[in-house]
Colleague: 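One structure, pasted below without further comment.
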Amino acid sequence: MNPLKKIIVTGAAGFLGSCLTKRLLAEGNQVVGIDNMLSGRESNIAKIRNKANFTFIRMDVVSQEVLTLQPLKGAEEIYHLASPASPKFYQAAALDTIAVNTIGTKNMLELAKANGAKMLYTSTSEAYGDPEIHPQQETYRGNVNTWGPRACYDEAKRLGEVYCYEYYHQFGAGVKVARIFNTYSANLRNDDGRVISNFVNQAIRGQDITVYGDGSQTRSFCYVDDTLDGLMLMMEKDSATGEIINVGNPDEYSVLHVAELVKKLAGSNSRLTFHSLPKDDPKVRRPVIDKAIRLLGWKPQITLEEGLIRTIDIYRSQLSGSDGGERA
Ligand code: NAD
Ligand code: UDP
């Protein structure tokens, strides 16, 4: 079978990148994945590594060399996902995080321009910072502290968006920007540090569930399948070109509620313990998804409870070794 399209995925060995790559391959596309393994892992791509339609290149997308790579030539679509996303990882590599979202994004836009390809950039709800407007719609300009530990991620993503804006307006590049809200599944690393990965792994091991602050801060959690549907629709639809679109689940929960729900669903005896709240931790977060509904006909289908049950089951089978230790 001839591949449908040649598609580049940066961050292909990460959480979302590896799940996306598997979906694109399953549709019959040819995928070139690029990753420097800053927060990715080999096991995420082990099962597809030898597939005929998949090429993996270990490289930093900040490097100029990426613009000269032969396998990238003729790509029709670029999903630019490279960037650590967990506060634990991006704060440990702050300068790399700034570079990948700015210079790395510019490089991918150059590739898109040279190939006449469409490009989707994965920005973040963090572009809204610690929001003063609730819930957040795309027109809200955000409240980000430039002088703090989250700025390397938040401000770099915002500048990444600016690069997308300029390439769209100056060169007519087929750019789309997704502001993704907290997405999860058992494909997150056990040591990823983000809340669902921490809580579920702690609950199934009988360890203390570590709530930061009093747990009254809120987030809106989207199961990976829903987020990927949204991203792929954005790539497909011309209506999303030149647009920023929130991709997230509008159901909002406090972190304390999530801790109690995970404990209950996992049938765990873990204790909840309370720890200091990280600096600049946003107090609330919930997307308005009217634009996604209007332009893409997309809205999430999987409830938090359903997604957590799946996540707990899979992490548990990984722990017992019954799934061979590798995610499908
Ligand atoms: P992740 O950390 O699991 O994956 C990111 C991948 O990018 C890793 O494999 C990492 O090694 C790779 N990478 C980092 N810097 C690179 C570089 N310079 N060159 C090449 N590869 C590099 O994160 P994720 O959760 O899969 O997030 C993917 C993208 O989606 C990120 O851009 C992130 O900001 C965005 N996003 C994710 C969420 C979420 O909830 N998962 C929310 C908002 C935005
Ligand atoms: N959090 C928590 N315990 C943990 C990890 C995170 O209480 O073990 C909180 C964190 O302080 C934040 C929320 O959960 O309020 C979501 O954190 P995460 O790192 O997953 O993503 P963020 O939305 O902050 O980027």
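Just follow the structure's listing: the first ligand is 1, and inside any ligand the first atom is 1.
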Colleague: Kindly write out the residues that satisfy salt bridge (Lys or Arg N to Asp or Glu O under 4.0 Å) with E260, not counting sequence neighbours, or none if the list is empty.
Modeller: none
Colleague: Among the clusters formed by ILVMFWY side chains lying less than 4.5 Å apart, do V258 and I312 turn up in the same one?
Modeller: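 Shared cluster, yes.
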Colleague: Salt bridge or not for R58 and D35, using N-O below 4.0 Å?
Modeller: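 Looking at D35 together with R58, the answer is no, because their closest N to O distance does not fall below 4.0 Å.
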Colleague: Is a salt bridge present between E126 and R150, judged by a nitrogen-to-oxygen distance below 4.0 Å?
Modeller: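 Answer for the salt bridge query: yes.
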Colleague: Determine the minimum heavy-atom distance between N246 and V288, stating which atoms define it.
Modeller: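 In terms of heavy atoms, the two residues are closest at ND2-O, 3.1 Å.
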Colleague: Using a 4.0 angstrom limit on heavy atoms, which residues are close to ligand 1?
Modeller: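 Correct list: G11, A13, G14, F15, L16, D35, N36, M37, L38, S39, G40, M59, D60, V61, L81, A82, S83, P84, A85, V100, T122, S123, T124, Y153, K157, I180, N182, T183, R194.
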Colleague: Do R310's NZ or CZ and the ring of Y223 fall within the cation-pi criteria of under 6.0 Å and 45°?
Modeller: yes
Colleague: Identify, with sequence neighbours excluded, every residue that meets side-chain contact (heavy atoms from CB on, under 4.5 Å) alongside L67.
Modeller: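 L67 satisfies side-chain contact (heavy atoms from CB on, under 4.5 Å) with Q64, N107, E110, L111 once adjacent residues are dropped.
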Colleague: So which atom in L228 and which in L16 form the shortest heavy-atom distance, rounded to 0.1 Å?
Modeller: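 Of all heavy-atom pairs spanning L228 and L16, the closest is CD2-O, 4.2 Å.
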Colleague: Tell me, which residues have any heavy atom less than 4.0 Å from some atom of ligand 2?
Modeller: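 For ligand 2, the residues that come within the 4.0 Å heavy-atom cutoff are P87, E126, R150, N182, G193, R194, V195, N198, F199, T210, V211, Y212, Q217, R219, V255, P278, D281, R285.
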Colleague: Within a 6.0 Å radius of atom OH on Y165, are there more than 12 heavy atoms belonging to other residues, nucleotides or ligands?
Modeller: no
